[in-house]
Undergrad: 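Okay, here's the structure, questions in a sec.
Every chain is numbered from 1 and lettered A, B, ... according to where its sequence line falls, protein lines coming before strand lines.
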Amino acid sequence: MLDLRRIQENKEKVAELLSRKGFVAEFDTVLELDKQRRAVIGEVETLKAQRNKVSAQIPALKKAGQPVDEIFKEMRALGDKITEGDAKAKELEDKVFDMLSRMPNIPDEDLVAGEKEANEVIRVVGEKPQFDFPMQNHVDLCTKLGIIDYTRGTKLSGGGYWLYRGDGARLEWALLNFFISEHLKDGYEFILPPHQLGYNCGFGAGQFPKFADEVYWLDCDEDRKKNRFMLPTAETALVNMYAGEIIDESKLPMKFFAYTPCYRKEAGSYRAEERGMIRGHQFNKVEMVQYAHPERSMDAFNELVDKAASLIEKLGLHFRVSKLAAGDCSASMARTYDIEVWIPSMGIYKEVSSVSNANDYQARRNNTKYRDSKTGKPAFLHTLNGSGLATSRVFPALIEQYQNADGSVTVPEVLRPFMGGQEVIKL
RNA sequence: GGAAAGGUAUCGAAGAGGUCAUAACGAGCCGCACUCGAAAUGCGGUUGUCGGGUAACCGGCACAUGGGUUCGAAUCCCAUCCUUUCCGCCA
């Protein structure tokens, strides 16, 4: 949610920044509606003040045996006017709120305009592995090793689902355990949230109303606001934990991580190149979230980027970090860096982590505040999130980058403690 | 799923159509006093939000949520949500 005051004060600047996201801002209507809203509120409040004044005198008048019928008659007319004004104000308020809630977040000043093509690679770690034998892709490797069962996954649930089996399940679990142990070491609090969330969570995270069709809905009430949905990322849960609360400034930054599967429709986004487990309807992810003081959210952001990168680096995988152009950041985010891992068979880098700073965009939507020690007043805090990490790309990258000539796969050293010391996955 | 009770500030809790909503009474927290220090005690402070105003300040709203009745609602009525207890179900 954007701050209407910021729009009021600097319409052109905000419009320019939003245009970098490819969003054509039209503020005149909202501003005009808000002006009307304030005018109506002013009128109604004057009437209410008048009513309150008279109401306060009535008990005394009654006690003194004075006639009140005439006053009641006038008050009734006044009441009708108030009801009318309240309705008008509510209508205007709803319109303003709705319009504001559909606008994307303002990108940070240093982001360049444009889409994916304008992303900037800011760091490359490791090198593309060279193989002195015919390289296999992860689908073939996993199928031959019997560690991922695509056929039976499809049998159970259709396209976009798979089963982890045996050493595959162990490897997946080891990855998650490795991530978890690293976050615990860094002092993040481990959260296991519900996987089914209410509409307000999707709204607060900034994913609704725009992306409400891209999640799986439970229940069948016609009114979506009464239904729950399967979370598309743990961010949707974590970022709403303190909605409507005022957090003591000394508690910031608050650092959390959660493990959940992520459920996504991914309608129409399947491409031939995305075979195997690159894009599924359900994948495992450990998600990090921080609640930060606005003045220190950049520090939190850098910490999250470093954490995500260090995980993939410790796994010994070749990857790069990209600073996303404004248009490639999601609607809710002011700034996003992607960690992208090298998938040898595809010859491209695929996102394994997206680290973002929402600034106060999500906090405004779900009303999460901290008490500022300087002013003593509540203020919106900043929320940040980053995958740490999603396994659905790490797994294929790992299988492919660590493959051996005989079709076996070496287990990265950091994962061995989580796999009972196993060093290699083979038939 | 059924029944009953309930939802008021940081917590406990009173108020049961108006003169008690910043909201009694307890407790907590923050000052200050007393003290060598602490405890105890005493005094003072301690909601959010919206509108107007440079400000001091003025005003509106908020008793789970949304409606209704009324000149006036925490209080009466309706719907929804949630909590607790009991019963049922229990892979």
Side-chain angles (χ1 to χ4, degrees), chain A residues 1-9 30-101 156 193-204 218-229 237 240-251 254 360 363-381:
Chain A
M1 185 88 77
L2 299 189
D3 180 5
L4 193 61
R5 244 170 251 155
R6 185 166 167 195
I7 297 173
Q8 242 158 11
E9 283 161 13
V30 210
L31 290 175
E32 173 54 30
L33 286 172
D34 181 63
K35 203 173 148 191
Q36 286 177 26
R37 178 185 72 90
R38 280 181 286 129
V40 171
I41 285 175
E43 285 167 28
V44 177
E45 287 188 354
T46 309
L47 297 178
K48 283 183 179 170
Q50 199 180 327
R51 179 171 72 184
N52 288 345
K53 222 181 212 171
V54 176
S55 280
Q57 293 164 352
I58 284 173
L61 290 177
K62 269 190 165 175
K63 214 171 200 176
Q66 305 245 13
V68 288
D69 290 0
E70 199 55 33
I71 297 177
F72 282 1
K73 216 170 140 192
E74 285 169 31
M75 285 294 104
R76 184 176 204 124
L78 187 66
D80 288 346
K81 267 194 189 166
I82 289 172
T83 307
E84 207 177 296
D86 272 343
K88 183 76 189 151
K90 175 95 165 58
E91 192 190 323
L92 288 164
E93 197 182 314
D94 286 349
K95 266 192 201 160
V96 169
F97 183 86
D98 188 63
M99 291 180 87
L100 278 179
S101 71
L156 296 183
H195 298 181
Q196 306 164 5
L197 304 174
Y199 183 93
N200 56 312
C201 290
F203 181 85
L218 305 160
D219 311 318
C220 297
D221 198 289
E222 273 174 41
D223 183 1
R224 269 205 170 144
K225 296 195 166 82
K226 291 181 181 167
N227 295 339
R228 287 160 304 141
F229 62 96
N240 284 294
M241 280 169 58
Y242 290 87
E245 298 189 36
I246 298 166
I247 295 159
D248 201 279
E249 191 185 80
S250 63
K251 296 237 166 64
M254 296 198 295
D360 64 359
R364 280 180 186 279
R365 291 174 85 91
N366 66 18
N367 192 24
T368 308
K369 298 186 167 183
Y370 73 100
R371 191 174 297 281
D372 190 274
S373 59
K374 278 184 213 142
T375 62
K377 291 281 165 214
F380 293 109
L381 45 71

Undergrad: Decide, for B/C20, between syn and anti: a glycosidic angle within 90° of 0 counts as syn, anything else as anti.
TA: syn
Undergrad: I need the CD-P distance between A/E245 and B/U47, as an integer number of Å.
TA: 18 Å
Undergrad: List, with names and distances, any nitrogen or oxygen atoms from the protein found under 3.5 Å away from nitrogen or oxygen atoms belonging to nucleotides 16-19 of chain B.
TA:
{"unit_1": "B/G18", "atom_1": "O6", "unit_2": "A/K62", "atom_2": "NZ", "d": "2.7"}

Undergrad: More 5' along RNA chain B: A/I41 or A/K377, using each one's nearest nucleotide?
TA: A/K377
Undergrad: Taking OH from A/Y199 and C1' from B/U65, how many angstroms apart are they, rounded to a whole number?
TA: 18 Å
Undergrad: How close or far is atom C1' of B/G48 from atom OH of A/Y370, stated in whole angstroms?
TA: 17 Å
Undergrad: Within the 4.5 Å heavy-atom criterion, are A/L197 and A/N240 side-chain neighbours or not?
TA: no
Undergrad: Do A/D372 and A/E249 come close enough that some side-chain heavy atom pair is under 4.5 Å?
TA: yes
Undergrad: With C1' as the reference atom in both, quote the distance from B/C11 to B/C86 in angstrom, rounded to an integer.
TA: 27 Å
Undergrad: So do A/R364 and A/L100 actually touch side chain to side chain, heavy atoms under 4.5 Å?
TA: no
Undergrad: Could you measure between the two C1' atoms, the one in B/U19 and the one in B/A24, and give it in whole Å?
TA: 16 Å
Undergrad: Take atom C1' in B/G88 and the same atom in B/A4, then report the distance between them in whole Å.
TA: 15 Å
Undergrad: Would you tell me if any nitrogen or oxygen in the side chain of A/N52 comes within less than 4.0 Å of OP1 or OP2 on B/C61?
TA: yes
Undergrad: Tell me, what's RNA chain B's dot-bracket, Watson-Crick or G-U with both distances under 3.5 Å, | for other-strand, [ ] crossing?
TA: ((((((((.[[[..)..(......]]]((((((.......))))))((((((....)))))).[[[[[..)....]]]]])))))))....
Undergrad: Are the side chains of A/L92 and A/K88 in contact, using a 4.5 Å heavy-atom criterion?
TA: yes
Undergrad: So, taking the atom named OH in A/Y199 and the one named CG in A/N227, what distance separates them when rounded to the nearest 0.5 Å?
TA: 11.0 Å
Undergrad: When the distance from CD of A/E45 to P of B/G51 is rounded to whole Å, what number comes out?
TA: 9 Å
Undergrad: Given A/I247 and A/L381, is the side-chain contact (heavy atoms from CB on, under 4.5 Å) satisfied, shown in steps?
TA: CA-CA 9 Å; A/I247 295 159; A/L381 45 71; 3.7 Å; yes
Undergrad: When we call it a touch if two heavy atoms are under 4.0 Å apart, what does A/L78 touch: a base, just sugar-phosphate, or nothing?
TA: nothing
Undergrad: Look at A/D94 together with A/K90 and state whether they make a salt bridge at an N to O cut-off of under 4.0 Å.
TA: yes
Undergrad: Rounded to the nearest angstrom, tell me the gap between atom CG in A/L100 and atom C1' in B/C50.
TA: 15 Å
Undergrad: Looking at the side chain of A/P378, which of B/G52, B/U49, B/U47 is the nearest nucleotide?
TA: B/U49
Undergrad: Is there a side-chain contact between A/D360 and A/T368 (heavy atoms, below 4.5 Å)?
TA: no
Undergrad: Whole-Å distance between B/U10 C1' and A/K251 NZ?
TA: 11 Å
Undergrad: Of the nucleotides B/G51, B/G59, B/U49, which has the atom closest to the A/R37 side chain?
TA: B/G51
Undergrad: Rounding to a whole Å, what distance do you find between A/E249:CD and B/C30:C1'?
TA: 16 Å
Undergrad: Determine the Euclidean distance between corresponding C1' atoms of B/U69 and B/A74; express it in Å to zero decimal places.
TA: 16 Å
Undergrad: Sticking with atom C1', work out how far B/C77 lies from B/G1, rounded to a whole angstrom.
TA: 27 Å
Undergrad: So does A/E84 have more than 12 non-hydrogen atoms from other groups sitting under 6.0 Å from CD?
TA: no
Undergrad: Tell me whether the side-chain N/O atoms of A/R371 come closer than 4.0 Å to OP1 or OP2 in B/G48.
TA: yes
Undergrad: Any idea which of B/C61, B/G51, B/G48 is nearest the A/K369 side chain?
TA: B/G48
Undergrad: For A/K95, I'd like to know if atom NZ has over 12 heavy atoms of other residues, nucleotides or ligands within 6.0 Å.
TA: no
Undergrad: Ignoring the backbone of A/K90, work out which of B/G48, B/G52, B/G67 is nearest its side chain.
TA: B/G67
Undergrad: Once side chain to side chain contact (heavy atoms under 4.5 Å, CB included) is applied, do any residues pair with A/D86, and if so which ones, sequence neighbours excluded?
TA: A/V44, A/K48, A/I82
Undergrad: If you assign A/Q50 and A/G42 each to the RNA chain B nucleotide with the nearest heavy atom, which residue ends up on the more 5' nucleotide?
TA: A/G42
Undergrad: Using the C1' atoms only, state how far B/A13 lies from B/C87, rounded to an integer number of Å.
TA: 30 Å
Undergrad: B/G45 and B/A9: how far apart are their C1' atoms, nearest whole angstrom?
TA: 15 Å
Undergrad: If you measure from the P atom in B/A27 to the same atom in B/U41, how many Å do you get, rounded?
TA: 8 Å
Undergrad: Picking from B/U70, B/G51, B/C61, which would you name as closest to the side chain of A/R38?
TA: B/G51
Undergrad: A/D34 and side chain to side chain contact (heavy atoms under 4.5 Å, CB included): which single residue from A/R37, A/Q36, A/E32 fits?
TA: A/R37
Undergrad: Taking the side chain of A/M75 as its heavy atoms from C-beta onward, which of B/U47, B/G51, B/C71 lies nearest to it?
TA: B/C71
Undergrad: Please state how far atom CG in A/N200 lies from atom P in B/G66, giving the value in whole angstrom units.
TA: 14 Å
